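Let me begin by presenting the structure, written as structure tokens, before commenting on it.
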Amino acid sequence: MNYSWQQTQWQNVQLQQQTGKLPHALLLVGAEGLGKLDFAVDLAHSLLCQNKSADGSACGVCSSCQLLDAETHPDMFIVQAEDKGKAIKVDDIRQLSASFSLTSQFGGYKVVIIVDAHDMNINASNSLLKTLEEPVSDSILILVSSNPQKLPITVRSRCQLIHFNVPEQQQAIQWLEQQGVDKSGELLNLAHGAPLLAMQLKETELLDNHNLLIQSLLSVAANQPVVEHAEQLHKLPLSYMLNWLYDWIQDLLKLHQCGEQADLVHESCRSELAKLVDRSSIKSLYEYLDLLIKQKQLQSIPLNTQLLWEDLLLSWHKQLKRV
Ligand SMILES: [Zn+2]
């Protein structure tokens with residue numbers, strides 16, 4: 001069953017389906033960690049189940065549901081890049097278009113989910129466009145993307161957008177606590193309110209990575225050389241690290257502007273941050289943010305991350321007043 005913060009979206013698509021108004025293509029958009037892919041899978045199951053319940057959820061026991069659970073349902077296709085961050089290629093899309101043109105084996109819908117649809121390369125997008133322009137009856141395409149601006153507008157405009165937003169903090173905390181996660185408020189801060197990302201932080205080494213970043217920033221602020229810290233940091237997942245560094249600088253700016261009232265992402269480092277505020281100026285922090293934004297934009301281009309971290313840590317040190 002889908003998450004408590006997805007009920008409105010769920011009821012809307014169910015209503016559309018019941019009234020025969022479900023479009024051929026849906027584009028699920030929103031930040032990472034909100035469960036968009038789970039929603040897509042639940043919806044696919046709901047569309048293919050032969051005995052779904054009144055709220056639209058799949059029964060889990062009919063022959064269709066059993067095939068879905070075994071991932072062998074002939075009318076359900078999932079397309080995704082070979083590895084996360086790699087491109088979805090034109091052959092993958094051609095294959096799905098070919099399957100789409102066949103009659104449904106169960107006499108119902110045919111459903112395709114495209115995971116991280118923004119990873120389609122240009123040829124793949126063009127190939128998908130043909131499928132979008134000539135929809136086959138009873139076929140539903142569900143595109144999932146946390147970065148929809150990377151999709152060509154021609155693709156986006158042919159899909160009905162379904163937006164997923166960060167839930168109310170209380171709702172997210174309640175859900176995390178139900179999953180047995182303690183210190184959920186702190187994790188949620190680091191995940192910008194996305195419950196599944198907070199969960200992932202808890203379950204993977206991401207939280208350790210975060211601690212390494214903070215330790216490096218504090219050590220460099222205490223005049224330790226940058227090289228060995230850069231050596232550690234460059235092996236860690238860059239997008240998370242840059243986002244957290246960005247949040248770190250934002251936290252300093254918030255402390256400058258709002259003092260103790262400031263709402264911080266790195267709440268657990270409040271006292272360390274408070275000491276650093278006196279050593280940095282608003283102007284230099286904004287300059288540092290500019291530098292970071294440029295690096296975030298360059299991320300898809302292969303670069304020497306060791307040098308990047310040396311540069312980021314040196315600039316971090318340079319903008320601080322000596323103590
Ligand atoms: Zn079923």
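In this chain, residues are counted from 1 in sequence order. When a ligand or atom number is given, it counts from 1 through the structure's own listing order. Note: hydrogens, waters and symmetry copies are ignored here, and every other heavy atom, side chains too, is used. Just so we're clear, the structure is a prediction, and the values are computed from it rather than from any experiment.
Note on H45: not counted as a metal contact of the Zn ion (ligand 1), no N/O/S atom lying under 2.8 Å.
Of the residues listed (H266, E267, E272), the one engaging R270 in a side-chain hydrogen bond (donor to acceptor under 3.5 Å, both in side chains) is E267, and it is the only one. Considering L197, L176, D182 as possible partners of K202, the one that fulfils the side-chain contact (heavy atoms from CB on, under 4.5 Å) test is D182.
Counting heavy atoms from C-beta outward, F77 and D92 have side chains that stay 4.5 Å or more apart.
Vertex the Zn ion (ligand 1); arms to C49 atom SG and C65 atom SG; angle 110° (nearest 10°). Rounded to 10°, the angle that SG of C62 and SG of C59 form at the Zn ion (ligand 1) is 110°.
Taking the six-membered ring for Trp, H210 and Y240 have ring centres at least 6.0 Å apart.
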